[in-house]
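Comments concern the structure below.
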Amino acid sequence: MNVIMKIDASIFKAYDIRGIYPDQLNEDLFYGLGHAYVSVVNPQGEVMVGHDVRVYSEPLKKSLIEGLTDAGVNVVDVGLISTDMYYFGVGNFDFAGGIQVTASHNPPEWHGAKMVREKVIPLTLETGVSQIRDFIEKGVFEKKQKGSVRKIDIVDDYCKFVLNWVDIKKIKPMKIVYNPNFGFAGKVFERLIELGNLPLTIIPLNAEPDGTFPKGRPDPFMPENRVEFIELVKSEDADLGITWDADADRVFFCADGGVFLEPYYMNAILIEAILKKHPSEKIIYDPRYTWALIDSIKTNGGTPVLERVGHSYIKQRMRKEDAYFGGESSGHEYYRDFWYADSGMLPVVQVLEYVSEHSKKLSEIARVWINKYVISGEINTKVTDVDMVMELIKAKYGDGKQEFVDGISVEYGDYRFNVRSSNTEPLLRLNLEARTKDVMEKKRDEVLSLITQYAIKE
């Protein structure tokens with residue numbers, strides 16, 4: 001069957017497919033995606049398919065399944081799930097691959113798909129996504145003997161898997177605010193508590209799935225999206241706050257008293273908890289902020305391994321090194337025993353166990369890291385010439401210790417910073433940390449002043 005299909009090649013990203021519905025992607029494209037996935041991946045068995053809460057995710061999934069089955073593949077439809085449940089489903093049930101219909105934390109008009117091979121190996125632009133793009137562009141979809149479709153529910157399986165990661169008997173009574181940002185994570189969290197009979201009093205915020213995302217972009221990484229969450233933790237005098245992005249592959253925490261914990265600091269705490277149970281393991285970290293992570297890894301007997309930002313790079317390096325854990329400053333947490341994938345729920349039970357085992361509050365535990373390593377937060381600037389500005393930074397800070405794993409990182413005794421470029425636009429991202437707040441602010445402004453000299457006027 002030949003189908004003339006005009007596609008916008010820009011929707012095929014480094015790690016997934018993502019675009020505006022119906023202008024950039026629609027049901028026809030997702031039908032083609034089903035055929036293309038089979039042609040490129042050649043799955044030797046059932047392919048698992050799920051979808052997120054977005055308004056058009058279900059009809060897109062229906063077309064995708066039609067394409068997969070017309071291409072001769074048997075499909076397992078797991079229905080409405082989170083992205084980390086998708087990774088779990090493919091890995092735990094040993095499916096031949098999987099596609100999750102999702103646009104992650106993007107606004108409601110966005111839709112897309114994340115794709116993996118067997119053993120939850122991700123497809124990237126270099127290893128499948130570009131080939132799928134080219135196949136769809138050709139528009140030649142050969143129908144084979146129709147594949148079958150069966151439906152299963154994996155929510156309980158996932159919850160039991162997560163609960164088995166910790167000693168749930170250690171978890172003490174706590175009051176918790178949880179905010180899934182209208183995604184599916186809230187329902188998973190509620191079921192987790194029910195199945196584990198956990199002694200938690202939970203206070204919901206934006207907990208009912210709603211793909212229109214009535215309060216805007218469902219992304220807690222954006223500081224403006226944390227305000228009501230932090231305020232509720234404070235007003236309820238909660239022991240802890242937990243929030244996820246819409247597809248729940250990233251998780252963020254707010255300590256008692258409304259202290260929002262940047263993932264950098266939470267990763268330092270998680271690393272300690274992990275290495276206490278699994279000593280001498282390798283831990284992957286990214287170059288945005290490093291001091292607290294290296295400190296926590298070495299103090300607790302692990303081996304630090306630096307890798308560039310991006311889930312495909314982190315997962316690939318974890319497989320190569322057989323690393324136990326990888327943490328990014330964006331809120332992604334990766335685990336070897338979770339098929340090297342990222343989970344938004346495993347860190348939750350780890351933190352519940354960790355806090356229960358300590359006599360201190362989470363805010364006190366985190367404060368040690370916050371005071372020791374002061375960070376700027378990521379500052380993005382559009383510039384006229386990315387390469388030129390990077391060369392200027394390299395020259396100006398030539399007396400510092402430099403490395404180029406991802407952009408440029410420069411380290412001195414009392415501060416360090418990383419500047420890296422965006423993959424999609426003329427944008428530089430600055431992250432700086434220092435031993436004191438005064439030094440952080442001074443050096444942040446100094447580096448930023450160099451960058452902003454060449455900022456694009458908007």
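- When atom types are taken as modelled, the side chain of Ser296 and the backbone of Ala292 share no donor-acceptor pair closer than 3.5 angstrom.
- Although no hydrogens or angles enter the test, the distance criterion places no donor-acceptor pair under 3.5 Å between the side chain of Tyr21 and the main chain of Val55.
- A distance-only check finds no donor-acceptor pair linking the side chain of Arg444 to the backbone of Leu432 [under 3.5 Å].
- Taking the charged nitrogens against the carboxylate oxygens, Arg308 and Asp286 have no contact shorter than 4.0 Å, which rules out a salt bridge.
- No side-chain donor-acceptor contact under 3.5 Å links Gln100 and Thr102.
- In this structure a side-chain-to-backbone donor-acceptor pair under 3.5 Å is missing from Arg191 to Asp156.
- For the residue pair Arg217 / Asn225, no side-chain donor-acceptor distance below 3.5 Å is found, with atom types taken as modelled.
- For Thr299 (side chain) and Asp295 (main-chain N/O), a donor-acceptor pair under 3.5 Å exists by modelled atom type.
- Ring planes of Tyr313 and Tyr15: perpendicular class, angle over 60° (limits at 30 and 60°).
- The closest donor-acceptor contact from the side chain of Arg317 to the backbone of Leu306 lies under 3.5 Å.
- In the model, Asn431 has no side-chain atom that pairs as donor or acceptor with a side-chain atom of Ser329 under 3.5 Å.
- For Lys277, the NZ atom sits in a packed shell: over 12 heavy atoms of surrounding residues, nucleotides or ligands are nearer than 6.0 Å.
- Side chains of Tyr412 and Asp399: a donor-acceptor N/O pair is present below 3.5 angstrom, by distance only.
- Rounding to the nearest 0.5 Å places CD of Glu321 at 11.0 Å from CD of Gln316.
- Side chain of Thr201 to backbone of Lys175: no donor-acceptor contact under 3.5 angstrom is found.
- Side-chain contact check for Thr124 and Thr127: at least one donor-acceptor pair (N or O, by modelled atom type) lies under 3.5 Å.
- Between Leu33 and Ile17, some side-chain heavy-atom pair lies under the 4.5 Å cut-off.
- Tyr158 and Phe338 have tilted rings, their planes meeting at an angle from 30° to 60° on a 0 to 90° scale.
- Between the side chain of Ser343 and the backbone N or O of Met345, at least one donor-acceptor pair lies under 3.5 Å.
- A donor-acceptor contact closer than 3.5 angstrom is absent between the side chains of Tyr264 and Ser330.
- To the nearest 0.5 Å, atoms CD1 (Ile99) and CZ (Phe30) are separated by 8.5 Å.
- With a 4.5 Å cut-off on side-chain heavy atoms, Val155 and Phe184 count as touching.
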Can Trp165 and Asp337 be said to form a side chain to side chain contact (heavy atoms under 4.5 Å, CB included), step by step? CA-CA 10 Å; Trp165 272 64; Asp337 296 338; 3.8 Å; yes
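- Between the side chains of Asn179 and Asn206, at least one donor-acceptor pair of N or O atoms lies under 3.5 Å.
- Between the side chains of Arg288 and Asn418, no donor N or O sits under 3.5 Å from an acceptor N or O.
- Counting heavy atoms from C-beta on, the side chains of Phe325 and Leu275 never come closer than 4.5 Å.
- Between the side chains of Glu328 and Tyr334, at least one donor-acceptor pair of N or O atoms lies under 3.5 Å.
- In this model, no donor atom of one side chain and acceptor atom of the other lie less than 3.5 Å apart for Tyr56 and His111.
- Taken from NE2 in His51 to CD in Glu58, the straight-line distance is 4.0 Å, to the nearest 0.5 Å.
- To the nearest 0.5 Å, the span separating CD on Glu126 from CD on Gln131 amounts to 9.0 Å.
- A cation-pi arrangement is present between Lys315 and Tyr87 under the rule of less than 6.0 angstrom and at most 45 degrees off the ring axis.
- For the side chain to side chain donor-acceptor pair (under 3.5 Å) with Thr83, the lone residue among Asp247, Asp52, Asp245 that qualifies is Asp247.
- Remark: side-chain polar atoms of Ser356 are paired, donor with acceptor, to backbone N or O of Leu352 under 3.5 angstrom.
- Side-chain atoms of Thr436 and Asp438 form no donor-acceptor pair, as typed in the model, at a separation below 3.5 Å.
- Looking at heavy atoms from C-beta onward, Asp84 lies out of side-chain contact with Tyr86 at the 4.5 angstrom threshold.
- A donor atom on one side chain and an acceptor atom on the other are not found under 3.5 Å apart for Trp110 and Gln24.
- Between Lys443 and Asp414, no side-chain nitrogen of the basic residue sits less than 4.0 Å from a carboxylate oxygen of the acidic one, so the salt-bridge criterion is not met.
- Judged by distance alone, with hydrogens and angles left aside, the side-chain atoms of Glu433 form a donor-acceptor pair with the main-chain N or O of Thr290 at under 3.5 Å.
- Remark: the Ser409 side chain and the Glu403 side chain contain an N/O donor-acceptor pair separated by less than 3.5 Å.
- Between Phe88 and Phe161, the gap from one ring centroid to the other is short of 6.0 Å.
- For the 3.5 Å distance criterion, the side chains of His105 and Arg250 qualify, holding a donor opposite an acceptor.
- In this structure, Glu353 does not pair ionically with Lys169, as no charged nitrogen and carboxylate oxygen lie closer than 4.0 Å.
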